[in-house]
Engineer: 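Here you go, one structure.
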Amino acid sequence: MRAWYYDNLEGHPRLPHHSGREVGIEKLEALKVRLWKVPVDDEGKGWEEHIARISKENDFKNNDTISVTREGLGDEYEEILKEFFDEHLHEDDETRFVVKGAGYYDVREHPTDEWIRMYICKGDLVSIPKGIYHRFMLDEQNEIAGLRLWKNVPNWTPVPRTQESDKNTFRIGYLDSLRDAGISVPQGWFEWVSSTINRVIFRV
């Protein structure tokens, strides 16, 4: 896994869009992104015991296989990728393990709101925290396959970024976790959200 700031220049999102500014694992961990490296052999095997151990340690009770390819998705391929790349959050952690292929997770740095692009490939296990704004795109190989992992019944319905999503309970909880970890949040932000929620709750 490598990470860098997204350059925001024109060009297909499957391109690297490398700004020249690398991002270290410590920065991603501060944003509550979790990362593991798991061995995968040339035949796409050798990872099973490692994933079983990590799953037990992190209470990942369930998993299933995923595959995103042009051949597999047919006419819906481009539309599905477009949906993946629309900025959104989830109300559950999004945990993925790559066995084959590669792609990009872009996550919003807080409080700068810059995109950080993570390049994930074979052997990378990444967990995107609930409440963080993010998006996904394949690279130029146009293929990724692996596992989805989750604890209980997952809720991966995308919540598009809007002013309303900024008031989402899981978004507020995510920002609370950053504040508790010592990452600054714009002054007055929590007061504004609280007053807005109170107006909604107590509206007659």
Side-chain angles (χ1 to χ4, degrees), residues 1-48 50-51 54 63-90 92-109 112-130 132-150 154 156 158 160-161:
M1 194 287 304
R2 292 179 57 207
W4 54 84
Y5 286 99
Y6 191 84
D7 64 12
N8 291 310
L9 299 178
E10 292 186 7
H12 200 284
R14 290 191 186 93
L15 299 175
H17 286 276
H18 199 309
S19 65
R21 295 185 293 151
E22 297 278 344
V23 173
I25 290 177
E26 297 82 5
K27 171 85 68 179
L28 296 171
E29 290 177 341
L31 295 173
K32 307 301 182 182
V33 175
R34 304 178 68 198
L35 302 156
W36 298 262
K37 192 66 179 180
V38 177
V40 180
D41 64 26
D42 293 339
E43 297 180 353
K45 299 178 180 179
W47 51 266
E48 293 85 352
H50 299 277
I51 290 295
I54 293 171
N63 67 68
D64 64 7
T65 59
I66 54 170
S67 178
V68 181
T69 65
R70 186 182 298 276
E71 293 75 20
L73 297 176
D75 294 340
E76 297 180 340
Y77 176 76
E78 292 293 344
E79 184 61 30
I80 289 175
L81 281 188
K82 182 179 180 299
E83 292 177 6
F84 287 167
F85 200 64
D86 287 339
E87 184 175 0
H88 61 279
L89 61 80
H90 293 299
D92 206 344
D93 295 343
E94 182 173 333
T95 306
R96 304 291 185 264
F97 172 57
V98 183
V99 175
K100 182 180 181 182
Y104 301 108
Y105 267 114
D106 298 336
V107 296
R108 285 288 190 189
E109 183 181 35
T112 68
D113 217 33
E114 287 195 80
W115 281 119
I116 294 177
R117 168 155 282 195
M118 297 184 293
Y119 182 65
I120 59 170
C121 55
K122 184 172 76 173
D124 287 329
L125 172 60
V126 58
S127 187
I128 306 297
K130 53 182 173 286
I132 193 173
Y133 288 122
H134 67 284
R135 61 191 184 187
F136 176 80
M137 179 53 66
L138 296 180
D139 72 355
E140 294 177 277
Q141 299 177 68
N142 290 317
E143 177 183 23
I144 198 165
L147 298 179
R148 303 188 298 181
L149 300 95
W150 66 93
W156 295 322
R161 184 172 188 176

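Just so you know, residue 1 is the first one in the sequence shown, and it goes up from there. Only this structure's heavy atoms are used, side chains among them; waters, hydrogens and symmetry mates stay out.
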Engineer: Mind listing the side-chain donor-acceptor pairs of residues 7-16 below 3.5 Å, one per line with the distance, residues two or more places apart or on another chain?
Structural biologist:
unit_1	atom_1	unit_2	atom_2	d
D7	OD1	L9	N	3.0
D7	OD1	H17	ND1	2.8
H12	ND1	R14	N	3.0
H12	NE2	R14	NH1	2.9
R14	NE	N142	OD1	2.7
R14	NH2	E78	OE1	3.4
R14	NH2	E78	OE2	3.2

Engineer: Are any of the side-chain heavy atoms of I144 and F136 separated by less than 4.5 Å?
Structural biologist: yes
Engineer: Nearest 0.5 Å, please: how far is OG1 in T69 from NZ in K100?
Structural biologist: 9.0 Å
Engineer: Tell me the closest heavy-atom pair linking I132 and L31, and the distance in Å.
Structural biologist: CD1-O, 4.1 Å
Engineer: Report yes or no: is the cationic atom of R2 (NZ for Lys, CZ for Arg) under 6.0 Å from the centre of the six-membered ring of Y104, at an angle within 45° of the ring normal?
Structural biologist: no
Engineer: Say whether Y5 and E109, considering side chains only, have a donor N or O and an acceptor N or O under 3.5 Å apart.
Structural biologist: yes
Engineer: Going through the distances and angles, do V98 and M1 end up as a side chain to side chain contact (heavy atoms under 4.5 Å, CB included)?
Structural biologist: CA-CA 11 Å; V98 183; M1 194 287 304; over 6 Å; no
Engineer: I'd like to know if the side chain of H50 and the backbone of E48 have a donor-acceptor N/O pair within less than 3.5 Å.
Structural biologist: no
Engineer: Which atom pair, heavy atoms only, marks the closest approach of L28 to A3?
Structural biologist: CD1-CB, 3.9 Å
Engineer: Check whether NZ of the Lys or CZ of the Arg R96 lies under 6.0 Å from the centre of the six-membered ring of W156 and within 45 degrees of that ring's axis.
Structural biologist: yes
Engineer: Do you know which two heavy atoms are closest between L138 and E143, and how far apart they sit?
Structural biologist: CD1-N, 3.7 Å
Engineer: Below 4.5 Å, heavy atoms only, C-beta onward: do K45 and V40 meet side chain to side chain?
Structural biologist: no
Engineer: Taking atom CG of D42 as the centre, does the number of heavy atoms from other residues, nucleotides or ligands within less than 6.0 Å exceed 12?
Structural biologist: no
Engineer: Do E76 and K82 meet the salt-bridge criterion of a basic N to acidic O distance under 4.0 Å?
Structural biologist: no
Engineer: Do R108 and Y133 form a cation-pi contact, if we require the NZ or CZ to be under 6.0 Å from the six-membered ring centre and within 45 degrees of the ring's axis?
Structural biologist: no
Engineer: R135 and W115: side chain to side chain contact (heavy atoms under 4.5 Å, CB included), yes or no, with the steps?
Structural biologist: CA-CA 10 Å; R135 61 191 184 187; W115 281 119; 3.4 Å; yes
Engineer: Can we say R117 and D106 salt-bridge, meaning some charged N sits less than 4.0 Å from an Asp/Glu carboxylate O?
Structural biologist: yes
Engineer: Which pair of heavy atoms, one from P160 and one from P158, lies closest together, and at what distance?
Structural biologist: CD-O, 3.5 Å
Engineer: Do the non-hydrogen side-chain atoms of L81 and F85 ever get within less than 4.5 Å of each other?
Structural biologist: no
Engineer: Are the charged groups of D124 and K37 less than 4.0 angstrom apart, N to O?
Structural biologist: yes
Engineer: Considering all heavy atoms of both residues, which atom of S19 and which atom of W4 are nearest to each other, and what is their separation?
Structural biologist: N-CD1, 4.1 Å
Engineer: D92 vs K130, test: salt bridge (charged side-chain N to carboxylate O under 4.0 Å, His left out). Steps then yes/no.
Structural biologist: CA-CA 5 Å; D92 206 344; K130 53 182 173 286; 5.2 Å; no
Engineer: Is it the case that over 12 heavy atoms from other parts of the model lie below 6.0 angstrom from the CD1 atom of I25?
Structural biologist: no
Engineer: Could you tell me which residues satisfy salt bridge (Lys or Arg N to Asp or Glu O under 4.0 Å) with R34, sequence neighbours excluded, listed by chain and number?
Structural biologist: none
Engineer: Report the C-alpha distance between I80 and F84 in whole Å, list the side-chain angles of each, state the deciding distance to 0.1 Å, and finish with yes or no for side chain to side chain contact (heavy atoms under 4.5 Å, CB included).
Structural biologist: CA-CA 6 Å; I80 289 175; F84 287 167; 3.6 Å; yes
Engineer: Would you sort out whether L147 and D64 count as a side chain to side chain contact (heavy atoms under 4.5 Å, CB included), showing the intermediate values?
Structural biologist: CA-CA 5 Å; L147 298 179; D64 64 7; over 6 Å; no
Engineer: Mark yes or no for whether E26, through its side chain, and G24, through its backbone, hold a donor-acceptor pair below 3.5 Å.
Structural biologist: no
Engineer: Is the shortest side-chain N to carboxylate O distance from D113 to R161 below 4.0 Å?
Structural biologist: yes
Engineer: So, the side chain of D93 versus the backbone of S127: is there a donor-acceptor pair under 3.5 Å, distance only?
Structural biologist: no
Engineer: Check whether any side-chain heavy atom of H134 lies under 4.5 Å from a side-chain heavy atom of V33, and answer yes or no.
Structural biologist: no
Engineer: Could you pull out the closest heavy-atom pair between V126 and Y105, with the gap in Å?
Structural biologist: CG1-CE1, 3.8 Å
Engineer: When rounded to the nearest 0.5 angstrom, what distance separates CG in N63 from CD1 in I51?
Structural biologist: 8.5 Å
